[in-house]
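Notes to accompany the following structure.
Bear in mind the structure is a predicted one, so any value in this text is a computation, not a measurement. A note on names: the letters A, B, ... follow the listed sequences, proteins ahead of strands, and every chain is numbered from 1.
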Amino acid sequence: MRLEALARAAIADALARLSFPAPSGEIPLERPEKAEYGDISSRIAFLLAKELRRPPQEIAQDLAVAVSHPDIAAAEAVGGFLNLQVRPEALRRILREVIAEGERYGEWDLGGGKPFQVEFVSSNPTGPLTVGHGRQAALGDALANLFSALGWDVTREYYLNDEGRQIELLARSLWVRYRQALGEDVSVPEQGYHGDYLVPIGKELAWEWGNRYPEWTPEAAEVFRRVAVERMMAMIHEDLAAIGVSFDVWSREGDLHRRGLVREVFESLREKGAVYEKDGAYWMRSTAYGLARDPVLIRSDGTPTYLMVDIAYHVDKYRRGFARVVDVQGADHIEEQQQVKLALRILGYPEDFLHYCVHQFVTLKGREGIERMSTRKGRFLRLKDLIDELGRDVVRYFMVRRKPEAHLVFDMELAKKTSMENPVYYVQYAHTRIASIFREAEKNGELPRDFGTRHASWVAEMDLSPLADPDELTLIKELDRFPDVVRKAAESYGPHLLCEYLEELAGIFHPYYNRVRVLGQGKATPARLALLHALRTVLRKGLSLLGVSAPEVM
RNA sequence: GCGCCCGUAGCUCAGCAGGAUAGAGCAGCGGCUUCCUAAGCCGCAGGUCGGAGGUUCGAGUCCUCCCGGGCGUACCA
C-alpha cells in the first residue's frame, strides 16, 4: 500500500473511532516541506471545523490521539494540521512494491485503453522546423508518452496544410530563387519566404531544369508547388528525426475536401442557425455566443477558410473514434481555438472531447538577432542546428522544463555546459552513477544472484532493514510520489512537473552518494543496491517519458 | 479598445486545484577530494510574491480594478 493509501486508512479509522463525519470528498493529504511535520499530513481538521463547531487544532488533537495504525509511528497535531510519521518498515514495504512493479511503476489504468490523440507540430511545409517548433515537438511527444502511461491508446498526429496561399507564396519564392540561380534579376515577393534555405534548392533546380520555366505560368506554379512541398517535407522529416519524434498519422488538408467533409460540416453549422451571409461570404455567428468577433467560414470566392477546414478536421477526429484529443499549439492560435471549440459546441459534440495545450514562444538568450523568429522573413534558428550543437537530450529537456503557458527563455550558456550545473546532466548523471555502482558490484561479486528480477520470491526475501538513513527513507518517500507526478504532469499538460521531480530526486541522491558508500558494507550493501535499483528504474522511466535518454556511462 | 497568457531572490523559474516560517538552480561569498566517475558535496547570504481593494479561520494561489510585458484581434495559415 502506498503512502497516501496508508495515511487515508489510518485517518479514516480515527474518524470512525471518534464518530466524526467523513469528509465529502477524499481525505486531503499533503507532503510537508519540513521534516518536523512528519512524512505525510492532512488538513482534514480545517474541513471538519465548521461542521463540528470546534477549532481545527482541537479536532486535530483528538484525531492525533485516536490514530492507531500499525504503520503509523506517531501522530501529532500542529496548528490544525494532523502530521503523521510512518514507520520505516512501512516505507521499506513500499520500496518492495516499487521494485515489484519494475518498469511499469508510475503507470496507471485511467484511460482504459481508449483512443487518445495528440496533434502537434503540424507546421506548414514552408520551411524547416525552427526552435519554436522544437518546443512543440518536445512538448507534444512528452504529453503523448504521459497519456500512454495513464493507460490511453495514444496516436501522434501531424496535420499537414499543403494547400492555400502560403504554399502559393512558397512556390513563388522558390521559383524566384531558381531564376536567380540562372542569373536573372528578380526578387522574392514582399509577402514571400525570404529564408536562405530556398537558395540551394533553386540552384539545384536550375542545374537540373535549365531554362524550362522562364515565366510564372499556371504550369510552373503547379510544378514549383509540388517540388517545394516535397523538399520542405524532406527538411521537416530531417528535423523530426533529429529531435527523435515520429508520428503515427499524417493527415492532409486536401483529404478533408475530397471527402466532402468540409462542405458537410458547413451545412450542419448552417442548419443550426450559426451562419449568416454578408458581402458574399459566409460568417459564423460567434459574437452571439460571446466571442470577440465573427469569423468568415466561406470566402466570397466560395473557398473555405482555414478555420472552416479546421472545424471539419475536428469533426473528423471525433468520427474517427478518439475519446479525447489534445492539440498542442502556439499562443498565436488562441482565437482560432475558441472559434473551433464554439463550433463543436454548436454542433453538439461533448465539451471534454477537445483540449488545447497552449504554449508561449521560445526566445534564445545568448544569440543576437533571432529573438523574435519568423519563418517567412527567414529570421530563425533551425531546430536541427540547435540539436547538432547541443544534443537531442539537452534540447528536449530544456524545451519541456518550463510550463507551456509561460515564455521560454532558452539559456544557451547553461545549455552548453557539460557540467552538472546543466539540469539535464544533473539528472542523467544520477542514473549514470547508479549504473556505475552496479557495474562495480558485478565486478566485485557483490551483486546478489537474480538481482533486479521481478520474481515475487526475490522481492519478498530482500532484507531491507539496513535502510534506515534519513536520506534513504526520504528517497523511498520520493519514489512513492512518482505515479502521482506522472498523473499530474499529464492531466495538467505540464511535463515540467516531471523535470522538477527528477531534479529533486537527483538532488537527494547526489549528496547521499557523496556521503554514504554502497559497496563493501556487508548487509547494508544488498539493501542499498535494492534502493538504488528502484531509483534507477524511476529515473529511467521519468526521463524516457520526456523523451530523454538515461545513459549508462557519461 | 477587446480576448488569452505572463509578472515570485541580481538572472532563469517552481510553488502540489486556498493551507504551516514562500522554494530550487545559476550568479556571489566561505569550506570539503587516500573511497562506487569532483561532470561532485556542505554551508552562508539574498524576497513589500507588479500595485490596490475584496472573499476566507487562512491568499503567491480565488474575484474586481490598475500598472508593465507577450500573443492575437485577416475573405493568412
A:Arg433 vs B:A38: side-chain N/O to OP1/OP2 distance below 4.0 Å
yes

Please work out if A:Arg165 contacts a base, only the sugar-phosphate, or nothing of the nucleic acid, heavy-atom cut-off 4.0 Å.
sugar-phosphate

Can you find an N or O donor on one side and an acceptor on the other, under 3.5 Å apart, linking the side chain of A:Asn83 with the base of B:A20?
yes

Starting at OH of A:Tyr493 and ending at C1' of B:C4, how long is that distance when rounded to a whole Å?
17 Å

Within 45 degrees of the ring normal and closer than 6.0 Å to the centroid, is that where the cationic atom of A:Arg536 sits relative to A:Phe438?
yes

Identify whether any heavy atom of A:Glu421 sits under 4.0 Å from a base atom; if not, whether one sits that close to sugar-phosphate; answer base, sugar-phosphate or nothing.
sugar-phosphate

Does B:C75 have its OP1 or OP2 closer than 4.0 Å to a side-chain nitrogen or oxygen of A:Lys278?
no

For A:Ala312 and A:Leu261, which heavy atoms make the closest approach, and how far apart are they?
O-CD2, 3.4 Å

Need one value for A:Val424: base, sugar-phosphate or nothing, where a base atom within 4.0 Å counts as base even if backbone is also close, heavy atoms only.
nothing

A:Leu297 has an atom CG; how far is it from atom C1' of B:C76, in whole Å?
15 Å

Mate of B:G30 where both pairing distances stay under 3.5 Å, Watson-Crick or G-U
B:C42

What is the nucleic acid contact for A:Pro511, judged by heavy atoms within less than 4.0 Å: base, sugar-phosphate only, or nothing?
sugar-phosphate

Hunt down the Watson-Crick or G-U wobble partner of B:G60, both distances under 3.5 Å, from any strand shown, or write none.
none

Give me the atom names and distance for the closest heavy-atom approach of A:Leu532 to A:Ile434.
O-CG2, 3.6 Å

Take atom P in B:C49 and the same atom in B:A27, then report the distance between them in whole Å.
27 Å

Rounded to whole Å, the OH-P distance (A:Tyr397 to B:G25) equals 13 Å

Can you see if the side chain of A:His496 gets near the phosphate of B:G15 - specifically, an N or O under 4.0 Å from OP1 or OP2?
yes

Could you check whether A:Leu497 gets within reach of a base, just the sugar-phosphate, or nothing at all, counting any heavy atom under 4.0 Å?
sugar-phosphate

Using OP1 and OP2 only, check whether a side-chain N or O of A:Tyr426 sits under 4.0 Å from B:C41.
yes

Counting any heavy atom closer than 4.0 Å, what does A:Val553 reach on the DNA or RNA strands: base, sugar-phosphate only, or nothing?
base

Scan A:Leu519 against the nucleic acid and name what it touches under 4.0 Å (heavy atoms): base, sugar-phosphate only, or nothing.
base

Do we get A:Arg270 above A:Tyr282's six-membered ring, with its NZ or CZ under 6.0 Å from the centre and within 45° of the axis?
yes

State, with a plain yes or no, whether a side-chain heavy atom of A:Arg376 is found less than 4.5 Å away from one of A:Gln191.
yes

Partners passing side-chain hydrogen bond (donor to acceptor under 3.5 Å, both in side chains) against A:Arg2 (at least two apart in sequence or in another chain):
A:Asp480, A:Asp484

Base, sugar-phosphate or nothing for A:Asp411? Non-hydrogen atoms, less than 4.0 Å.
nothing

Would you classify A:Ala281 as touching base, sugar-phosphate or nothing, given that sugar-phosphate means primed atoms plus P, OP1 and OP2, and contacts are heavy atoms under 4.0 Å?
base

A:Ser492 (side chain) and B:A17 (base): donor-acceptor pair under 3.5 Å:
no

In whole Å, I'd like the distance from the CD atom of A:Gln191 to the C1' atom of B:A77.
13 Å

Run the ring-centre check on A:Tyr356 versus A:Tyr493 and record whether the distance is less than 6.0 Å.
no

Expressed as a whole number of Å, how far does the P atom of B:G51 sit from that of B:C67?
15 Å

Under 4.0 Å, heavy atoms only, any strand: does A:Val518 hit a base, just the sugar-phosphate, or nothing?
base

note: A:Gln329, atom CD; B:C4, atom C1'; distance rounded to Å ~ 13 Å

On a whole-Å scale, what distance lies between the P atoms belonging to B:A17 and B:U34?
45 Å

How is A:Asn444 classified with respect to the nucleic acid when contacts are heavy atoms under 4.0 Å: base, sugar-phosphate, or nothing?
nothing

Does a side-chain N or O of A:Arg31 approach OP1 or OP2 of B:G23 to a distance below 4.0 Å, or not?
no

Would you sort out whether A:Lys477 and A:Glu472 count as a salt bridge (Lys or Arg N to Asp or Glu O under 4.0 Å), showing the intermediate values?
CA-CA 9 Å; A:Lys477 282 185 279 180; A:Glu472 289 167 343; over 6 Å; no

Distances for protein N/O vs nucleotides 55-58 of chain B N/O pairs under 3.5 angstrom?
none

Using the aromatic ring of A:Tyr425 (for Trp, its six-membered ring), decide whether it stacks on the base of B:A39 within the limits of 5.5 Å and 30°.
no

Does the side chain of A:Tyr501 come under 3.5 Å of the side chain of A:Glu478 through a donor N or O and an acceptor N or O?
no

Once you apply the 3.5 Å cut-off to both distances, tell me the Watson-Crick or G-U wobble partner of B:U48, or none.
none

Work out how far the P atom of B:G40 is from that of B:G58, and round it to whole angstrom.
47 Å

Pairing partner of B:C36 (Watson-Crick or G-U wobble, both distances under 3.5 Å)
none

Syn or anti for B:A45, taking syn as within 90° of 0?
anti

B:U73 OP1/OP2 closer than 4.0 Å to side-chain N/O of A:Arg293:
no

Please determine whether the number of non-hydrogen atoms from other residues, nucleotides or ligands lying under 6.0 Å from atom CD of A:Glu30 exceeds 12.
yes

Can you run down the ring-ring contact (aromatic ring centres under 6.0 Å, His included) pairs that involve residues 289-316 of chain A, sequence neighbours left out, and say none if there aren't any?
A:Tyr159-A:Tyr313

Distance between C1' atoms of B:C76 and B:U56 (Å, rounded):
48 Å

Write down the distance separating the P atoms in B:C13 and B:G18, rounded off to the nearest Å.
25 Å

Whole angstrom is fine here: how far is it from CD1 in A:Ile437 over to C1' in B:G40?
13 Å

Would you mind reading off the distance between A:Ile334 atom CD1 and B:U73 atom C1', rounded to a whole angstrom?
12 Å

Between B:G60 (C1') and A:Lys403 (NZ): distance, integer Å
11 Å

Check this for me: does the side-chain of A:Thr305 come within 3.5 Å of the base of B:C75 through a donor and an acceptor?
no

Suppose you measure atom C1' in B:U48 against the same atom in B:C32; what distance do you get, rounded to whole Å?
38 Å

Under 4.0 Å between any heavy atoms, over every strand shown, what does A:Gln166 touch: base, sugar-phosphate, or nothing? Just pick one.
base

Map A:Gly280 and A:Ser419 onto RNA chain B by nearest heavy atom, then report which one ends up closer to the 5' terminus.
A:Ser419

Distance between the P atoms of B:G60 and B:G54, in whole angstroms?
15 Å

My understanding is that a pair needs two contacts under 3.5 Å, Watson-Crick or G-U wobble. By that rule, which nucleotide pairs with B:G23?
B:C13

Heavy-atom check, side chain of A:Pro128 versus side chain of A:Leu383, under 4.5 Å
no

With centres under 5.5 Å and planes under 30°, do A:Tyr513 and B:G40 count as stacked?
no

Touch check for A:Thr126, heavy atoms < 4.0 angstrom, all strands: base, sugar-phosphate only, or nothing?
nothing

Does B:G3 have a Watson-Crick or wobble partner in any strand here, with both distances under 3.5 angstrom, and which is it?
B:C71

5′-ward residue of the pair A:Glu440/A:Glu336 relative to RNA chain B
A:Glu440

